[in-house]
Amino acid sequence: MISLQARDGFDRLLTKAIKASLLPSAQESCDVSVLTDVADITETRIVMLTVSSYLFRLMVLIYFTPNAATRDHFARIHDVAADEMTEQAFQDAIAECGNLCCGILNRDLGEFFPHIGMSTPNIIDRHCASYIDALHCGHVQHFKVDVNAHDTPPFHVSLCVSDYADLDFAVSDNEDSADTGELELF
């Protein structure tokens, strides 16, 4: 069973990771809100990543549609011209942003859970999300992300947590507002 405070913790840490990884610059912002009707998710593709420990497995699904507005958004994140991105470079850019988002989430969850790891990103068809219920997750939350710049269309993110034991942890306000840190090279 996943406690209410653990559900809130997963949601807060993912929201923090979204804001840190899916925007082109620190000067831009986004509003992340809980989505009550999954019928509003109309994007056609998904970047899927997992974060796992001995106690749980969570999936982060970042929905997108491969169109000009989405290409422009991810091109700005990677500081390249959208018209110079090949289809493979476009998918790689989206996958890398998903990887960064889950890397931040993975690091933050490592404060509460030992032995945590994450997968590489996979791009799948949107219809695969209709099988989430078959996983019998202990916590599923859908988010709408409104980027406040450059006419970027809203996009959606889903969080699905499968629990293998009782989960309970609390994210303090200090942890929730901490910066994203910097990449360490060894």
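Under a hydrophobic-cluster definition in which Ile, Leu, Val, Met, Phe, Trp and Tyr are linked whenever side-chain heavy atoms come within less than 4.5 Å, directly or via other members, V32 and V60 are assigned to the same cluster. Note: the hydrophobic cluster containing L23 also contains V80 (ILVMFWY, side chain heavy atoms under 4.5 Å, direct or indirect links). Each of V161 and L4 belongs to its own hydrophobic cluster when Ile, Leu, Val, Met, Phe, Trp and Tyr are linked at side-chain heavy-atom distances under 4.5 angstrom. Residues V38 and I124 are members of one and the same hydrophobic cluster, defined by side-chain heavy-atom contacts under 4.5 angstrom among Ile, Leu, Val, Met, Phe, Trp and Tyr. The same ILVMFWY cluster, assembled from side-chain heavy atoms under 4.5 Å apart, contains both V51 and L49.
The structure places CD of Q91 at 14.0 Å from CD of E96, a figure rounded to the nearest 0.5 Å. Atom CE in M118 sits 15.5 Å away from atom CZ in R57 (nearest 0.5 Å). Atom OG of S3 sits about 10.5 Å away from atom NE2 of H139, to the nearest 0.5 Å. With values rounded to the nearest 0.5 angstrom, D83 atom CG is found 10.0 Å from D72 atom CG. Atom OG of residue S53 and atom CG of residue L109 lie 8.5 Å apart, to the nearest 0.5 angstrom. From S162, atom OG reaches atom NE2 of H136 across 9.5 Å, with rounding to the nearest 0.5 Å.
Note on K144 versus D40: no salt bridge recorded, every NZ/NE/NH1/NH2 to OD/OE distance being 4.0 Å or above. Using a 4.0 Å cut-off between a side-chain N of Lys or Arg and a carboxylate O of Asp or Glu, D11 and R7 do not qualify as a salt bridge.
Here the side chains of F143 and F155 are not in contact, with every heavy-atom distance at 4.5 Å or above. Contact of the M59 side chain with the C160 side chain is registered, since non-hydrogen atoms from C-beta on lie closer than 4.5 Å. With contacts defined as side-chain heavy-atom distances shorter than 4.5 Å, the pair L35/I41 qualifies. Between Y63 and V157 the shortest side-chain heavy-atom distance does not fall below 4.5 Å. Between L167 and L55, the closest side-chain pair of non-hydrogen atoms falls below 4.5 Å. In this structure, I104 and R107 have side chains that are in contact, with non-hydrogen atoms separated by less than 4.5 Å. In this structure the side chain of L159 never reaches within 4.5 angstrom of the side chain of V140, judged on heavy atoms. The shortest side-chain heavy-atom distance between H156 and E43 falls under the 4.5 Å cut-off.
Considering only residues two or more places apart in sequence or on other chains, A93 meets the side chain to side chain contact (heavy atoms under 4.5 Å, CB included) condition with F74, H78, M85. E84 pairs by the side chain to side chain contact (heavy atoms under 4.5 Å, CB included) definition with A81, not counting sequence neighbours.
Between F112 and F169, the ring planes lie tilted relative to each other; the angle falls in the 30° to 60° range.
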Item to complete: Would you please test L58 and L105 for side-chain contact (heavy atoms from CB on, under 4.5 Å) and show each step?
Response: CA-CA 10 Å; L58 69 79; L105 179 60; 3.9 Å; yes
Practice prompt. Could you check V145 against I18 for side-chain contact (heavy atoms from CB on, under 4.5 Å), going step by step and ending with a plain yes or no?
Written response: CA-CA 8 Å; V145 181; I18 290 168; 4.0 Å; yes
Worksheet entry | side-chain contact (heavy atoms from CB on, under 4.5 Å) assessment of I62 paired with M48 | CA-CA 7 Å; I62 302 171; M48 180 187 80; over 6 Å; no
Discussion item. Under the criterion side-chain contact (heavy atoms from CB on, under 4.5 Å), I'd like the reasoning laid out for L100 against L22: C-alpha separation, chi angles, the key distance, then a yes or no.
Written reply: CA-CA 9 Å; L100 181 59; L22 298 177; over 6 Å; no
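Only one option out of I123, I94, L61 pairs with I46 in a side chain to side chain contact (heavy atoms under 4.5 Å, CB included); it is L61.
With a 6.0 Å radius and a threshold of 12 heavy atoms from other residues, nucleotides or ligands, Y164 has its OH atom above the threshold. More than 12 heavy atoms of other residues, nucleotides or ligands sit less than 6.0 Å from atom CG of D125.
With 3.5 Å as the limit, one finds a donor-acceptor pair spanning the side chains of S158 and H142.
Although no hydrogens or angles enter the test, the distance criterion places a donor-acceptor pair under 3.5 Å between the side chain of D166 and the main chain of M1.
Between A82 and R71, the shortest heavy-atom contact is O-CD, 3.5 Å. V147 and C30 make their closest contact through CA-CB, 3.9 Å (heavy atoms, listed as atom of the first residue, atom of the second, distance). C101 and S21 get closest at one heavy-atom pair: CB-OG, 3.1 Å. N99 approaches P121 most closely through the heavy-atom pair OD1-CD, 3.9 Å.
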